[in-house]
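Notes for the one structure printed next.
All values reported here derive from a predicted model rather than from experimental measurement.
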Amino acid sequence: LAMTQPGGYTWTMIRVAVCAPSTPLKAESIGRVRDLACSEFPGIELHFHPQCEASEGHFAGSDEQRLTALLECANDPLFDAVWFARGGYGAGRVAEAALAAMSHAATQKSYLGYSDAGYLLAGLYRAQIGRPVHAPMPMDMARDGGEAAVRRALAWLAGDMSGLEPSLDERPTVAFNLMTLAMVCGTPLMPGLARHVVMLEEVSEHLYAVDRLFFHVSAHLGGIAGLRLGRVGDVPENDRLFGSDAQSIARYWCERHTIPFLGSADIGHDSANKIVPFGVASGAKGQ
């Protein structure tokens, strides 16, 4: 949306739609995110879909409500980006139907989120619809240091590349929660990842479960350029030690499948979570 200012020059307002394909967002978080955007990013106009606060059991409304809201945001040509409100669980239930009903307008947008939003990011990337981006979400405002996370996503939308994950280079890259990618593997949402760097992170899973997930995921990653492991946080205590930490687990399964292990990635379920545009990121090293 081009705005004419005194003096005759114009600047572009970035219009961002926020919807909740998984679980609901609290009104307090909506207010805090809106206030931060208004005070620090006057060139960004946020539109929170009323569905963000809907509730039906675990979900932010029924499957039909969540699908309808997502399509209203994606297919509206007035919006430049769709920002997923939060993760949880639920996006996978509507992802295939959403992709099938997206219009040309949906192909012109960026889509931001992580965690359970990875179902949609994966499907969008496979279908070559818009620009999927692993990035903080509005719900991160509730985390310790959450303002920095939300600010990082808004700054990226405004053109600031300083929040990009620092290891990004000329190679195409994707980023996922480990559990989410494990669920996507073998489904119609799974994109081809040959020659990609794959970044993975996890939260609140026992280490034996992390190992189990890598058993499955690594079998689907043949031909990738390499794997980086983000933070694996809030690991529950088990009744016995697993005997390997998360990085050792990742290295083990990479070696079993001849996948280059490239080290760490600065992503995770925390306020330090960095931004990873799917594909080759503008502003990354070597670009």
I'd like to know if the side chain of [X] reaches the main chain of [Y], judged simply by a donor and an acceptor atom lying under 3.5 Å from each other, with no hydrogens or angles considered.
| X | Y | result |
| --- | --- | --- |
| Thr187 | Leu189 | yes |
| Thr180 | Phe176 | no |
| Asn75 | Ala101 | yes |
| Trp83 | Leu154 | no |
| His216 | Ala182 | yes |
| Ser39 | Leu36 | yes |
| Glu202 | Met179 | yes |
| Asn238 | Leu241 | no |
| Ser218 | His257 | no |
| Lys109 | Asp76 | yes |

Find the distance between [atom1] ([X]) and [atom2] ([Y]) and round it off to the nearest 0.5 Å.
| X | Y | atom1 | atom2 | result |
| --- | --- | --- | --- | --- |
| Leu70 | Gln65 | CG | CD | 13.5 Å |
| Lys274 | Arg152 | NZ | CZ | 4.5 Å |
| Leu178 | Leu200 | CG | CG | 5.5 Å |

Give the intermediate values and the outcome of side-chain hydrogen bond (donor to acceptor under 3.5 Å, both in side chains) for residues Glu165 and Ser167. CA-CA 6 Å; Glu165 203 283 334; Ser167 71; 2.5 Å; yes
Contact check, side chains of [X] and [Y], non-hydrogen atoms, under 4.5 Å:
| X | Y | answer |
| --- | --- | --- |
| Pro136 | Ile275 | yes |
| Met13 | Glu45 | yes |
| Cys73 | Cys19 | yes |
| Val197 | Leu262 | yes |
| Leu164 | Ser162 | no |
| Leu46 | Phe41 | no |
| His196 | Phe278 | no |
| Ser22 | Arg86 | no |

Shortest non-hydrogen contact from [X] to [Y]?
| X | Y | answer |
| --- | --- | --- |
| Ala250 | Leu229 | CB-CD2, 4.1 Å |
| Ala149 | Asp140 | CB-CB, 4.0 Å |
| Gly90 | Asp116 | N-OD2, 3.0 Å |
| Pro132 | Leu124 | CG-CB, 3.9 Å |
| Met190 | Leu193 | CE-CD1, 3.9 Å |
| Leu120 | Ala91 | CD1-CB, 4.0 Å |

Could you tell me whether Glu64 atom CD has more than 12 heavy atoms of other residues or ligands within 6.0 Å of it?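 Open.
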Crowded around Glu72 CD? As in, over 12 foreign heavy atoms under 6.0 Å?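 Buried by this count: over 12 neighbours within 6.0 Å.
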Walk me through it: do His134 and Val174 pass the test side-chain contact (heavy atoms from CB on, under 4.5 Å)? CA-CA 8 Å; His134 164 102; Val174 295; over 6 Å; no
Taking the ring of [Y] and the ring of [X], is the distance between their centroids below 6.0 Å?
| X | Y | result |
| --- | --- | --- |
| His269 | Tyr114 | yes |
| Tyr125 | Tyr111 | no |
| His47 | Phe79 | yes |

Transitively linked via ILVMFWY side-chain contacts under 4.5 Å: Val203 with Leu181?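 Unlinked, Val203 and Leu181 end up in two clusters.
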Basic-acidic side-chain contact under 4.0 Å: Arg15, Asp80: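 No, Arg15 and Asp80 are not salt-bridged.
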For Phe59, is the NZ or CZ atom of Arg66 found under 6.0 angstrom from the centre of its six-membered ring and inside 45 degrees of the ring axis?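 Yes - Arg66 lies over the ring of Phe59, closer than 6.0 Å to its centre and within 45° of its axis.
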Give the C-alpha distance, both sets of side-chain angles, the deciding distance and a yes or no for side-chain hydrogen bond (donor to acceptor under 3.5 Å, both in side chains) between Ser271 and Arg143. CA-CA 7 Å; Ser271 59; Arg143 299 188 188 277; over 6 Å; no
Passes side-chain hydrogen bond (donor to acceptor under 3.5 Å, both in side chains), Ser264 versus Arg228? Steps please. CA-CA 5 Å; Ser264 62; Arg228 288 187 177 274; 5.3 Å; no
Decide side-chain contact (heavy atoms from CB on, under 4.5 Å) for Phe215 and Tyr252; before the verdict, give the C-alpha distance in whole Å, the side-chain angles of both, and the deciding distance to 0.1 Å. CA-CA 10 Å; Phe215 160 77; Tyr252 172 84; over 6 Å; no
Out of Leu121, Val133, Asp266, Ile267, which one pairs with Val276 under the side chain to side chain contact (heavy atoms under 4.5 Å, CB included) rule?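 One option only clears the test, and that one is Ile267.
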Carefully, step by step, assess Phe48 and Leu25 under the rule side-chain contact (heavy atoms from CB on, under 4.5 Å). CA-CA 10 Å; Phe48 285 86; Leu25 188 63; 4.0 Å; yes
Go through Arg212 and Tyr208 one step at a time and tell me if the side-chain hydrogen bond (donor to acceptor under 3.5 Å, both in side chains) criterion holds. CA-CA 6 Å; Arg212 178 191 294 148; Tyr208 69 79; 5.4 Å; no
Tyr89 and His58 aromatic ring geometry - parallel, tilted or perpendicular at 30°/60° bounds: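 His58 vs Tyr89 ring planes: tilted.
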Checking Phe242 against Val210 for the side-chain contact (heavy atoms from CB on, under 4.5 Å) test, could you report, in this order, the C-alpha distance in whole Å, the side-chain angles of both residues, the deciding distance, and whether it holds? CA-CA 10 Å; Phe242 184 70; Val210 172; over 6 Å; no
